[in-house]
Amino acid sequence: MAREFQGPKGTRDFYPRDMALRRHIEAAWRQSSVVHGFEEIDGPTFEHLELYTVKSGEGIVSELFSFRRAGGEDDYALRPEFTPTLARMVAAKAGGLPHPIKWFAIPSHFRAERPQRGRLREFLQWNVDLLGIDGPQAEVEVLSTAIVALERLGLSPADVRVKISHRGVVGAALRSLGVPEERTADAFALLDRRDKLDAASFTARAAEIGLGGTDGEKALEAFARVARARFPAADAAQAVCAATNCSAADAAPLAAVLDGLKASGMDEWCEVDLGIVRGLAYYTGAVFELHEASGGERAIAGGGRYDGLVEMFGGPRTPAVGMGMGDVVLALVLRDRGKLPADDGESLLPRPDAFFISAEGEASDRLLPGMLSSLRRDGLHVRQSYKSTRNVGKLLADAGKCRARMAVILGAEVAEGMVQVKDLDRNEQVMVAVADLARHLRGD
RNA sequence: GCGGCCGUAGCUCAGUCGGUAGAGCGCCGGGUUGUGAUCCUGGAUGUCGCGGGUUCAAGUCCCGUCGGUCGCCCCA
């Protein structure tokens with residue numbers, strides 16, 4: 001009894017063209033990682049459930065695919081993010097790893113959320129982490145790695161903006177505005193939601209955290225200024241002080257990152273956005289998000305400094321900066337910006353070096369297998385027809401359809417050890433000795 | 001977890017007032033003129049997403065469910 005199956009909700013099937021697009025994106029990620037000196041790692045697809053609850057609390061469980069082996073007693077979860085695995089791996093070998101640790105990974109992740117634009121239940125996320133560096137160089141290198149990957153994919157500062165903030169700087173600004181220490185978390189949450197709230201709700205909530213009343217009017221205005229402050233990175237240090245009323249010393253950590261980005265020639269991509277907060281509590285310094293320029297999409301990437309995380313997983317205190325970039329939003333942006341081939345990825349599939357047409361009959365049929373094997377052992381990508389027709393026109397159509405560069409026609413002249421080789425791009429045909437075929441196809 | 005819209009061939013879709021399915025394209029095979037074309041010819045794929053209900057009769061109306069899509073919550 002035949003039965004039809006659907007893939008699970010929020011998952012994708014990668015047919016050859018889809019896979020070619022995926023490899024295209026992964027190649028840019030991997031290339032940029034490698035040239036920046038990061039080394040590739042991976043970990044298990046599932047971990048002990050506690051690895052995730054210890055950091056994010058029990059509430060995270062409803063967002064996970066967790067399970068217990070039949071008859072077993074251990075709870076596991078498919079990994080929803082890579083950072084805990086990374087922290088575990090670092091903590092396990094902390095003493096023996098040369099610093100700084102520069103690792104990247106391109107694993108799949110799983111989250112039990114309802115799919116919508118830019119969000120699926122299984123997705124790829126490129127993770128770049130640099131551990132062991134206290135200074136702003138870490139932030140600069142991680143962001144630079146992300147930017148160079150986007151450049152490789154054809155994006156420019158007109159397409160994507162790198163928005164940078166700093167928890168310490170914003171915290172100092174909030175203190176100087178009179179936000180009590182115990183309401184800082186609420187203030188961060190309000191900053192995060194600033195674009196989703198209308199002015200009245202924003203004002204009401206600002207009042208709840210101690211920025212209301214007659215006395216608070218000025219403070220409220222200042223807070224609104226912090227919430228809206230965005231400026232290009234070029235002269236950002238002064239602008240931060242001006243916008244937040246905080247001292248140059250308070251603004252210094254953010255300014256140092258901005259200076260580093262400028263020195264690296266990345267400042268055209270970057271701007272300060274003090275509204276960037278990030279949901280995670282474990283960020284301890286700089287935080288950043290990469291957004292499509294019009295702001296219409298979910299974040300393309302996000303990250304920041306998390307100096308306490310390795311310690312949380314049992315290792316020594318280790319300064320760290322990390323970044324994650326998902327494939328789903330990135331692919332949407334690339335498509336909308338016309339940076340993907342219009343043929344759904346067909347042009348990203350590997351092109352055969354040659355397509356063989358046995359036109360003569362039994363004589364050429366007998367020669368074909370040996371010729372193909374020999375060329376394949378030489379590393380050439382060669383294909384043949386599986387049709388029984390000898391219709392050369394029809395077989396050439398097949399050759400064109402699989403995008404072969406050359407067609408090799410085995411006609412009557414095989415008796416003299418010669419074949420016809422047709423350049424399908426240039427529509428030129430020459431006679432080549434079988435002995436010279438590999439060299440000819442390789443273009444030597 | 002909540003809500004809107006959608007679901008007929010591989011794709012795009014048609015299907016009237018309810019009368020148990022069609023087109024185009026594509027795909028696959030064969031033939032002809034030996035050179036990616038043209039021409040001729042043959043073929044396949046559907047429990048109309050799935051299940052139930054109403055009805056003499058359901059692709060069509062109703063309910064549920066699964067999936068897709070967009071939004072809310074959340075977003076590591």
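Below, chain A is the first sequence line, B the second, and so on; all start at residue 1.
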Once ring-ring contact (aromatic ring centres under 6.0 Å, His included) is applied, do any residues pair with A:F46, and if so which ones, sequence neighbours excluded? A:F67, A:Y76
For A:F110, give me all partners under ring-ring contact (aromatic ring centres under 6.0 Å, His included), at least two apart in sequence or on another chain. none
State plainly whether the residues A:R305 and A:D307 are in salt-bridge range, i.e. N to O under 4.0 Å. yes
Assess whether a salt bridge exists between A:E113 and A:R121, defined as any Lys/Arg side-chain N lying under 4.0 Å from an Asp/Glu carboxylate O. no
In whole Å, measure the gap between the [atom1] atoms of [N] and [M] for me.
N     : M     : atom1 : answer
B:C48 : B:C61 : C1'   : 16 Å
B:U16 : B:U60 : C1'   : 11 Å
B:A23 : B:G46 : P     : 16 Å
B:C56 : B:C63 : C1'   : 22 Å
B:G51 : B:U69 : C1'   : 23 Å
B:C5  : B:G64 : P     : 13 Å
B:A57 : B:G19 : P     : 14 Å
B:A58 : B:C17 : C1'   : 14 Å

Contact class for [X] (heavy atom, under 4.0 Å): base, sugar-phosphate, or nothing?
X      : result
A:N127 : nothing
A:I357 : nothing
A:L424 : base

Tabulate below the donor-acceptor pairs under 3.5 Å that side-chain atoms of residues 394-402 of chain A make, not counting sequence neighbours, or state none.
| residue | atom | partner | partner atom | Å |
| --- | --- | --- | --- | --- |
| A:D398 | OD2 | A:K387 | NZ | 3.3 |

Comparing A:E360 and A:G7 on RNA chain B - which has the more 5′ nearest nucleotide: A:E360
Residues from residues 313-329 of chain A sitting under 4.0 Å of RNA chain B, heavy atoms only? none
Which ones in residues 10-24 of chain A lie close to RNA chain B, meaning a heavy atom under 4.0 Å from one of its atoms? A:G10
Nearest heavy-atom neighbours spanning [X] and [Y]:
X      : Y      : value
A:A354 : A:A404 : C-CB, 4.3 Å
A:I133 : A:P100 : CG1-CB, 3.8 Å
A:R383 : A:R376 : CA-NH2, 4.1 Å
A:S144 : A:M266 : OG-CE, 3.4 Å
A:M89  : A:D42  : CE-O, 3.7 Å

Measure from [atom1] on [X] to [atom2] on [N] and round the result to the nearest Å.
X      : N     : atom1 : atom2 : answer
A:E346 : B:C11 : CD    : P     : 17 Å
A:D425 : B:U35 : CG    : C1'   : 15 Å
A:E428 : B:G36 : CD    : P     : 15 Å
A:D398 : B:G26 : CG    : P     : 15 Å
A:H109 : B:A76 : NE2   : P     : 13 Å
A:F110 : B:A76 : CZ    : C1'   : 15 Å

Dump the pairs, protein N or O against N or O of nucleotides 70-75 of chain B, anything under 3.5 Å, distances to one decimal.
| residue | atom | partner | partner atom | Å |
| --- | --- | --- | --- | --- |
| B:C70 | OP2 | A:R117 | N | 3.1 |
| B:C73 | N4 | A:Q116 | NE2 | 3.0 |
| B:C73 | N4 | A:R119 | NH1 | 3.3 |
| B:C74 | OP2 | A:R193 | NH1 | 3.4 |
| B:C74 | O2 | A:E113 | OE2 | 3.3 |
| B:C74 | O2 | A:R119 | NH1 | 3.3 |
| B:C74 | O2 | A:R119 | NH2 | 2.6 |
| B:C74 | N3 | A:R119 | NH2 | 2.5 |
| B:C75 | O2 | A:R119 | NH2 | 3.0 |
| B:C75 | O2 | A:R298 | NH2 | 2.6 |
| B:C75 | N3 | A:R298 | NH2 | 3.2 |
| B:C75 | N4 | A:K196 | NZ | 3.3 |

Note on RNA chain B: ranges paired as stems (three or more Watson-Crick/G-U pairs in a row, both atom distances under 3.5 Å) are B:1-7 with B:66-72, B:10-13 with B:22-25, B:27-31 with B:39-43, B:49-53 with B:61-65
Please work out which of the three classes, parallel, tilted or perpendicular, describes the rings of A:F123 and A:H109, given edges at 30° and 60°. parallel
When rounded to the nearest 0.5 Å, the distance separating CG of A:L120 from CZ of A:R114 is 13.5 Å
Donor on one side chain, acceptor on other, A:H48 and A:E50, under 3.5 Å: no
Got a sec, which residues hit salt bridge (charged side-chain N to carboxylate O under 4.0 Å, His left out) with A:D353, two or more places apart in sequence or on another chain? A:R405
Holding to salt bridge (charged side-chain N to carboxylate O under 4.0 Å, His left out), I want the full list of residues that pass it with A:R23, two or more places apart in sequence or in another chain. A:E26
Which residue pairs satisfy the side chain to side chain donor-acceptor pair (under 3.5 Å) criterion with at least one member in residues 425-435 of chain A, sequence neighbours excluded? A:R351-A:D425, A:Q420-A:Q429, A:K422-A:N427
Sub-3.5 Å donor-acceptor pair from the side chain of A:D378 to the main-chain atoms of A:L380, do we have one? no
Would you tabulate the pairs of protein nitrogen or oxygen atoms and nucleotide nitrogen or oxygen atoms of nucleotides 37-41 of chain B closer than 3.5 angstrom?
none

Donor-acceptor contacts, no H, no angles, side chain residues 325-332 of chain A, under 3.5 Å, sequence neighbours left out:
| residue | atom | partner | partner atom | Å |
| --- | --- | --- | --- | --- |
| A:D327 | OD1 | A:R12 | NH2 | 3.3 |
| A:D327 | OD1 | A:L124 | N | 2.9 |
| A:D327 | OD2 | A:R12 | NH1 | 2.9 |
| A:D327 | OD2 | A:R12 | NH2 | 2.9 |

Contact under 4.0 Å: A:K9 side-chain N or O vs B:G67 OP1/OP2: yes
